[in-house]
Amino acid sequence: MASGTSRDVLGRGLWVLGRAIREQPRIFAVAVSGSVLFGLLVIASAYVVGAVVGDVVVPAVERGEVAGGALALAATALFGISVLRVVGIFGRRLGAGYMQYRLQAAYRRRVTRRYLDLPLAWHHRNSTGTLLSNANSDVEAAWYPIAPLPFAVGTLVMLVGAVASLFFTDWALALVGLAVFPALFALNVVYSRRMAPRQARAQRLRAEVSGIAHESFDGALVVKTMGREAQETARFAARAGDLRDALISVGRLRGVFDPMLETLPSLGTLAVLVVGAVRLRQGAISVTELVSVAFLFTVLAFPVRAIGWVLAELPRSVAGWDRVRRVLDATGEMPYGTTTLDPATREPATLAFDDVHFAYEPAEAHLPGAQVLGAVTFTVPAGKTVALVGPTGAGKSTIASLAVRLVDPGAGRVTLDGVDVRDLTAASLAGNVALVAQVPFVFDDTVRANIALDREGVGDDEVWAALRLAEADGFVAALPDGLDTMVGERGTSLSGGQRQRLTLARALAGRPRLLVLDDATSAVDPRVEAAILAGLRAPADGGAPASILVVAYRRATIALADEVIYVEQGRVVARGTHTELLTTVPGYADLVTAYEQAEQEREQNRTYDEVTPLPSGLEIEVDR
């Protein structure tokens, strides 16, 4: 792969630059105009300097006096050229910077938008560190050559003008230019090809280092409590060492080629002086022309490096673009339909699974997918509560994900009020269905912001109503700043039960017609959980109750359901009331009994929803 990259990196890199130009043509035109102006003035300045030396300085030395008028004219010409060069530099840098940052911002938005469009199965195959790297360092790398690109284009125009002026001045000096300039370009091409695999490896290692760091920070509690600090540090250090070595390899290659790229223009200037001295002695050129050409090679040394800068960054750009494009070209998004449920209808919704099959996509395309559900059929009637019960791995969470369309079935249909959820618009689905996941996620923001989420029509009255329904109004009112209390990253200032009730209130604030609870109250006291479920079935404010699909483990929760769906190995094995299944399905009875025993043991060892802060900032729930 590396060799292939080194062979075609120039063509692919130029394609990436061409895409940038097509996306920002006006800004690029401004930047290139400034660069071309600068380049032409560099050539002009060389000939002005030559004229000053040949027509002002040399005669003044020969006569022993300086002509004031000629000197003033020379100074004015040099000053005017300098001012115009400043204008060119300003236009080039402003345009290049504006273009680069606009592209980076645009592609960060595109990558992030693509993340949201892609299904969960795709996210499961990509680490968080990789996704962060794609949206940040890879986007930056892809458009990094944009900054020197207008300068390089202007330099190409300048080189053409310089070679033309050399031929106009003297053919022998022009041959020197024709030898030096292609040699510079060829050296830059060789450099970029050798740099390509090194830059690609470094870019990949950046993502891996980011991924390890994210895992370590996100799992800090596990790392510290399990005493894995040294091992995690060593794991990070090993990958960081690989990245260091890769970057050193990049720097070593740059250290070899940079002096060569710097030396060639200097050698060109030396060759011009040698050849020019001979031509001057032959009377083929004048002192003015020799000084102009020698000065031209001197001032060209820096602009020509701009071409080298672009070519040197092309491997990194190609590596970054490949990683960004992998996200943008990823398939599997779930397009929404055009059907909208009546927004005026606030009665509970009816959810139905009709012969639903589902298999998770394999990590590699040639491998078979893991079958999770097969021929699942059941209904959650309007206003009823249905409990999903089954052993670990039976497919309960997958059913919950299908109900809110986090994933789509491989076969069969999931309908809401008789409409296939795939045919609904995104707004209609979100306005009618809410999921409270097993692991609560809380933003590093205020209580109010976490519940309202800037949704239209969700003010403080609606927030407090949702908190009351989730049995969370009491502890929120007791917080130092009430709704304005900052809860910390992932809600670190709250207990597990408090976080669960906060996320439940977030879902309820939108008044969903169907509420899906994926073991969403596991950290809540059973008595509080019973009060929550009772409130959902008969809201105190007189509103219509939501239909509820709940993944349940506790006997008390299951007993509140109107119907229980018992699943094993991705199939519906039995359905009925809790009492009916206890007497007719041995597997169900054994499972519920085991859950109850485990719950009783936990209740003996802890009591919920009291929090004691530790010096480290961690929190634990303690016995009363």
What verdict does the side-chain contact (heavy atoms from CB on, under 4.5 Å) test give for D322 and R12, after you've listed the backbone C-alpha separation in whole Å, the side-chain angles of each residue and the deciding distance to 0.1 Å? CA-CA 10 Å; D322 286 345; R12 294 168 62 206; 2.3 Å; yes
Tell me, yes or no, whether the heavy-atom count around F441 atom CZ, taken from other residues, nucleotides or ligands under 6.0 Å, exceeds 12. yes
Side chains of R506 and F443: does their closest heavy-atom pair fall under 4.5 Å? yes
Exam field: side chain S33 to backbone A29, donor-acceptor pair closer than 3.5 Å: yes
Side-chain contact test, heavy atoms from C-beta onward, threshold under 4.5 Å: evaluate it for L40 versus M158 and give yes or no. no
Hey, are E140 and R323 close enough for a salt bridge, meaning a charged N less than 4.0 Å from a carboxylate O? no
Go through V447 and N450 one step at a time and tell me if the side-chain contact (heavy atoms from CB on, under 4.5 Å) criterion holds. CA-CA 5 Å; V447 173; N450 266 284; 5.8 Å; no
Distance in Å, I89 CD1 paired with L84 CG, rounded so as to fall on 0.5 Å steps: 11.0 Å
On a heavy-atom basis, which atom in I146 and which in A20 lie closest, and how many Å separate them? CD1-CB, 3.5 Å
Non-hydrogen side-chain atoms of N134 and V324 separated by less than 4.5 Å: no
Do T485 and T446 make a side-chain contact, defined as non-hydrogen atoms from C-beta onward lying under 4.5 Å apart? no
I want to know whether Y107 and W321 have ring centres closer than 6.0 Å. yes
Passes side-chain contact (heavy atoms from CB on, under 4.5 Å), T503 versus V442? Steps please. CA-CA 7 Å; T503 54; V442 180; 4.2 Å; yes
Strictly by salt bridge (charged side-chain N to carboxylate O under 4.0 Å, His left out), give each pair with a member in residues 158-181 just once, sequence neighbours left out. D170-R279
Geometric cation-pi criterion R405 and Y336, 6.0 Å radius, 45° cone: yes
Kindly check if the number of other-residue, nucleotide or ligand heavy atoms within 6.0 Å of CZ (R26) is above 12? no
Nearest non-hydrogen partners of A96 and A31, listed with the distance: N-CB, 3.7 Å
Within a radius of less than 6.0 Å around OH of Y115, do more than 12 heavy atoms belonging to other residues, nucleotides or ligands occur? yes
Under a 4.5 Å cut-off applied to non-hydrogen side-chain atoms, are V86 and V83 in contact? no
Just by distance, do the side chain of S317 and the backbone of A142 share a donor-acceptor pair under 3.5 Å? yes
Any residue meeting salt bridge (Lys or Arg N to Asp or Glu O under 4.0 Å) with D329, in chain and number order, not counting sequence neighbours: R325
Check for a donor-acceptor pair, side chain of R455 on one end and backbone N or O of A452 on the other, with a separation under 3.5 Å. yes
How far apart are the closest heavy atoms of I81 and L41, and which atoms are they? CG2-O, 3.8 Å
Atom CG of D423 and atom OG1 of T340: how far apart are they, to the nearest 0.5 Å? 11.0 Å
Please give me the minimum heavy-atom distance between L205 and R239, naming the atom from each residue. CD2-CD, 3.7 Å
Is it true that a side-chain atom of Q100 and a backbone atom of W143 form a donor plus acceptor pair closer than 3.5 Å? yes
Applying salt bridge (charged side-chain N to carboxylate O under 4.0 Å, His left out), which residue pairs with at least one partner in residues 27-46 are found, sequence neighbours left out? none
Distance check, rounded to the nearest 0.5 Å: L17 atom CG versus W15 atom CH2? 11.0 Å
Donor-acceptor pair, distance only, cut-off 3.5 Å: does the side chain of T155 make one with the backbone of F151? yes
Closest contact, heavy atoms only, V153 versus V32: CG1-CG1, 3.9 Å
Taking atom CZ of F167 as the centre, does the number of heavy atoms from other residues, nucleotides or ligands within less than 6.0 Å exceed 12? yes
Candidate pair L149 and F28, rule side-chain contact (heavy atoms from CB on, under 4.5 Å), full reasoning: CA-CA 9 Å; L149 178 61; F28 181 72; 3.8 Å; yes
Gap between atom CZ of R85 and atom CG of L37 - 0.5 Å precision: 10.5 Å
Write down the atom of A152, the atom of V310, and the distance for their closest heavy-atom approach. CB-CG2, 3.7 Å
